Each structure stands twice: as C-alpha cells, then as structure tokens.
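This report refers to the structure that appears directly beneath it.
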There are 2 protein chains.
Amino acid sequence: MNNATPPDAPPPDATPPSVPIETVHEIRDQCLCFAAQRAARRLARRFDRLFQDIDLTNGQFSLMVSLMGKIQPRLGELADFLAMDQATLSAGVKTLERRSLLTLVADDDDGRVRRAVLTSAGRALVAKAVPLWRAEHAKLQAEQPQIDARALALLMAGLG
Amino acid sequence: MNNATPPDAPPPDATPPSVPIETVHEIRDQCLCFAAQRAARRLARRFDRLFQDIDLTNGQFSLMVSLMGKIQPRLGELADFLAMDQATLSAGVKTLERRSLLTLVADDDDGRVRRAVLTSAGRALVAKAVPLWRAEHAKLQAEQPQIDARALALLMAGLG
DNA sequence: ATGGGTTAATTTGATATCAATATAGAATGA
DNA sequence: TCATTCTATATTGATATCAAATTAACCCAT
C-alpha cells in the first residue's frame, strides 16, 4: 500500500513551491528582457510626447526614417529591419497610408510583393521631425554623459 | 512690394526639404529609442514563446516576479517600478485577476488605494516559469558572451 | 463642516504587438 | 498542364500601450 502521500512529503495544499528572494532579485537586476521593456516604454513615452504636436509616434518616426533612403523595401524586409512582426508592420503602414504619408506600390515582377514608399508629405513630415529628434536626443545624452549612444545602440542591436 | 516669393527661394511645390542621408544614418545608428524598441520587440517575442506553454507573456512574468517579495505595492508604485503607465498596468492586472493569479486588495487606510497580491496559483506559476527563464537567459548570455547582463540591465535602467 | 484642490485608480479610444490563420501569387515537378 | 509546395502579405483575436477624461476618496483651509 504505497498509494498514500509519503509522511515526509508536503501536504497537498501546502504553500506552493517558493522562489528564493535571491532569485527574484537576480531576475529584477539581470533580466535583459525586463530591462529592455522598461527602457523601451520610457523612451517611447518620451519621444511620443516630443512628436505629439506633429501627430507622430516614435514608431512611426522610425518607420518613416527607414524609408528616407533610395531603396524601396518590401514590407517583409522592412519588418525585418525594424525587428517587427510582419503583421505589426502591416497594421502600421496601413495607418500611415490612410494619412497619405506613404504609399504601397505593387512590385513589377512579383504580384505578392508590396513596397513602401514615402509620399512628399511623408518626407516633409520627417524633415519637420528630425530637428525635434536631434534636440531631444542631445538632451538625453546630456542626462547620461557616461553613455556612448552609438556603442549602446550597437549593443542593443545585437540583443535578442 | 515684397509679398512675392523672393527669386532665389524654392518654388512653392518644390521637392520637400530633404534630410541628408548622413542624418538618416545617424538616426539609424545612434537613436536609443529606436534601438530600445527593436531590442524590446525581439526579446519580448523570444520570452513570450518561451512561456507560451504555461500561458504567460514576458510582461506578465515580470509583473508577477515583481510581486514575489513581501511588500504589497500600490498599483501606482508597481506601475512606476515597471516604468509603465498606470492605465496599462490597470489593464494588465485585470487580465491576471481574471485568471485568479493575483488579487487586488483594498488598502486599510486609504480607500482609493488598491494593492496587488499574488495568489497561491500565481506564486506556483512563477515558480514554474523561473527555471524556464533561467535556462533561456543563460542561452541568451551564451549567444553574446561579451555582454555583462547585470551591467547592461543597469545601463538600460538609467535610460529614458 | 464644507467646498476646492489633490491624488489613486479606472475607463475610453487609438495604435502597437504577436500568434495563428487565410489568401493569393510563385515556383517546382511529375 | 496542373497539383503540390512555398512565399509574401493580410486578417483576426487577444493583450499591451499611452493620453485624456472620469470617478472616487483624501486633504486642507476657511
């Protein structure tokens, strides 16, 4: 008869398996995912407010800046560059398309492919946003003089 | 009569004020907001998949780990700690409350205040998640051996 | 005490995020 | 040719995110 709970096992309704407080602190102090989410939220709020007057979000700014060069990326390529799910990008470009800040042009060779292209209005809006970005980013650097933005950005680019 | 556009100004419908390609590259390579959003998305996806089998997101994990200590923070304090808007947290705890992973208890002294407290089921789920986190984070560190997770997490904690 | 300002939390409306699924076009091979 | 498979994008449903507005409770000065 060994069906019963052994005498030295915890009773069925005992305190759940506990996590040592040291482990909790380890996660709090070292988890790169947690740290990245927090930093991303703070910075997103900050730049969303910065661009509020010109009706842009930080993500829309980044997306549109990515389109300022000569190449017209496929949506999939753009999603990869932004480290974004293609579904997320699909929704994002739709919003900008609705505002006529970019257009989605069908590819000549492949009927499945769509390429994102800024309109003149889109380029003009980026041109308006860039000085705001430059001033805010300088302020950010001034607040954390020990940080080398280029080095930290590169580090984060290799993360995940 | 100086109302007309001066002869050397660009015509009204000219190419919009262009942003030099160097500036575009500067933003791409140095913008801490952009870099943080990208890293946050990659890491969020990674840890969301890790916790998928136990039906947790990375954010729910971080939130619940924050409640593993003895203190029972107000929602506002918790939002600050997570660098999250209060409204976001309000929605987040509601989801966890619906699943009986935490409860919101009214404060004794102040009728406005609610404090988040993990249930036994909540603590048990965190206990199940922690080994997954530990293994995945070790893998992450192995992929980027040059990164000191604690130092980078600290750096990001001061960001924004 | 009570009216006015402050604070804690919630609600609302818009966008963001991703997994899963669907659709449509392309490429391959029998 | 045409069926299978693969690929690019879109759609759906759930959660996440924040600003703005709202509700409720507190505090304080009169």
Side-chain angles (χ1 to χ4, degrees), chain A residues 33-34 36-53 55-63 73-80 82-99 101 104-116 160, chain B residues 33-34 36-53 55-63 73-80 82-99 101 104-116 160:
Chain A
C33 183
F34 183 29
Q37 304 308 316
R38 276 196 294 194
R41 281 192 288 257
R42 275 193 302 264
L43 289 166
R45 270 198 299 278
R46 180 170 180 153
F47 283 84
D48 282 352
R49 284 170 188 160
L50 174 70
F51 296 134
Q52 198 167 20
D53 288 346
D55 201 18
L56 271 187
T57 64
N58 81 90
Q60 290 168 337
F61 175 70
S62 297
L63 196 164
R74 309 169 165 219
L75 292 186
E77 291 168 341
L78 187 54
D80 284 347
L82 300 171
M84 197 178 276
D85 193 278
Q86 20 105 314
T88 306
L89 182 66
S90 207
V93 292
K94 202 195 295 182
T95 302
L96 295 175
E97 194 187 24
R98 217 182 306 132
R99 290 173 57 189
L101 297 173
L104 296 176
V105 306
D107 188 80
D108 292 332
D109 302 331
D110 189 332
R112 297 166 298 181
V113 170
R114 292 177 171 282
R115 295 175 183 276
Chain B
C33 183
F34 182 29
Q37 306 307 317
R38 275 195 295 194
R41 283 192 288 256
R42 275 193 302 264
L43 289 167
R45 271 197 300 276
R46 180 170 180 153
F47 282 86
D48 282 352
R49 285 170 187 160
L50 174 69
F51 295 135
Q52 198 168 18
D53 289 345
D55 201 19
L56 271 187
T57 65
N58 80 90
Q60 291 169 336
F61 175 70
S62 296
L63 195 164
R74 310 170 164 218
L75 292 187
E77 290 169 341
L78 187 54
D80 284 347
L82 299 171
M84 198 179 275
D85 192 278
Q86 222 171 23
T88 305
L89 181 66
S90 209
V93 293
K94 202 195 293 183
T95 302
L96 295 175
E97 194 187 23
R98 217 182 306 130
R99 290 172 57 189
L101 296 174
L104 296 176
V105 305
D107 188 81
D108 291 334
D109 302 331
D110 189 333
R112 297 166 299 181
V113 170
R114 293 179 170 280
R115 295 175 183 276

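Note that this is a predicted model, so its numbers are computed, not measured. Residue numbering restarts at 1 for every chain, and letters A, B, ... go by the order of the sequence lines.
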Worksheet item: For A/Thr57, does its backbone N or O pair with a side-chain atom of A/Asp48 as donor and acceptor, under 3.5 Å?
Response: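 Not at all, since once roles are kept as given, no pair shorter than 3.5 Å links the two residues.
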So do the side chains of [X] and [Y] get within less than 4.5 Å of each other, counting heavy atoms only?
X	Y	result
B/Asp107	B/Arg74	no
A/Thr95	A/Arg98	yes
A/Leu63	A/Val93	yes

Below 4.0 angstrom from OP1 or OP2 of [N], is there any side-chain N or O of [X]?
X	N	result
B/Arg49	C/dC18	no
B/Arg74	C/dA8	yes
B/Arg45	C/dC18	yes
B/Arg41	C/dT17	yes
A/Thr57	D/dC18	no

Take atom [atom1] of [X] and atom [atom2] of [N], then tell me their distance rounded to the nearest Å.
X	N	atom1	atom2	value
B/Gln37	C/dT15	CD	P	18 Å
A/Leu56	C/dT15	CG	C1'	13 Å
A/Phe47	C/dA16	CZ	C1'	18 Å
B/Asp107	C/dA9	CG	P	9 Å
B/Leu78	D/dA16	CG	P	13 Å
A/Leu104	D/dT11	CG	P	11 Å
A/Leu75	D/dT7	CG	C1'	14 Å
B/Phe51	D/dA14	CZ	C1'	19 Å

Discussion item. Assess the residue pair A/Leu75 and A/Gln86 against the criterion (side-chain contact (heavy atoms from CB on, under 4.5 Å)); give the C-alpha distance rounded to whole Å, side-chain angles, the decisive distance to 0.1 Å, and a yes or no.
Written reply: CA-CA 7 Å; A/Leu75 292 186; A/Gln86 20 105 314; over 6 Å; no
Worksheet item: Do you know the tightest heavy-atom contact between A/Ala79 and A/Leu89?
Response: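 Distance-wise, the nearest heavy atoms are N-CD2, 3.5 Å.
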Practice prompt. Taking all heavy atoms of B/Arg114 and all of B/Leu104, pick out the closest pair and write down the distance.
Written response: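 The pair with the smallest heavy-atom distance is NH1-O, 4.0 Å.
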Worksheet, complete the sentence: Nucleotide by nucleotide, nucleotides 21-26 of chain D touches protein heavy atoms under 4.0 Å in the pattern (B base, S sugar-phosphate only, - none) ----BS
Worksheet item: Counting any heavy atom closer than 4.0 Å, what does A/Gly76 reach on the DNA or RNA strands: base, sugar-phosphate only, or nothing?
Response: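 Since only primed, P, OP1 and OP2 atoms lie under 4.0 Å of A/Gly76, the category is sugar-phosphate.
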Discussion item. Could you work out, with side chain to side chain contact (heavy atoms under 4.5 Å, CB included) as the rule, every residue matching A/Ala83, not counting sequence neighbours?
Written reply: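 Residues passing side chain to side chain contact (heavy atoms under 4.5 Å, CB included) with A/Ala83: B/Arg38, B/Arg42, B/Arg45.
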Practice prompt. Before giving the answer on side-chain contact (heavy atoms from CB on, under 4.5 Å), spell out for A/Phe34 and B/Leu82 the whole-Å C-alpha distance, their side-chain angles and the decisive distance to 0.1 Å.
Written response: CA-CA 9 Å; A/Phe34 183 29; B/Leu82 299 171; 3.7 Å; yes
Fill in: Positions of residues 85-97 of chain B (non-hydrogen atom under 4.0 Å from DNA chain C), listed by number
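Residues of residues 85-97 of chain B that come under 4.0 Å of DNA chain C are, in numerical order, B/Gln86, B/Ala87, B/Ser90, B/Lys94.
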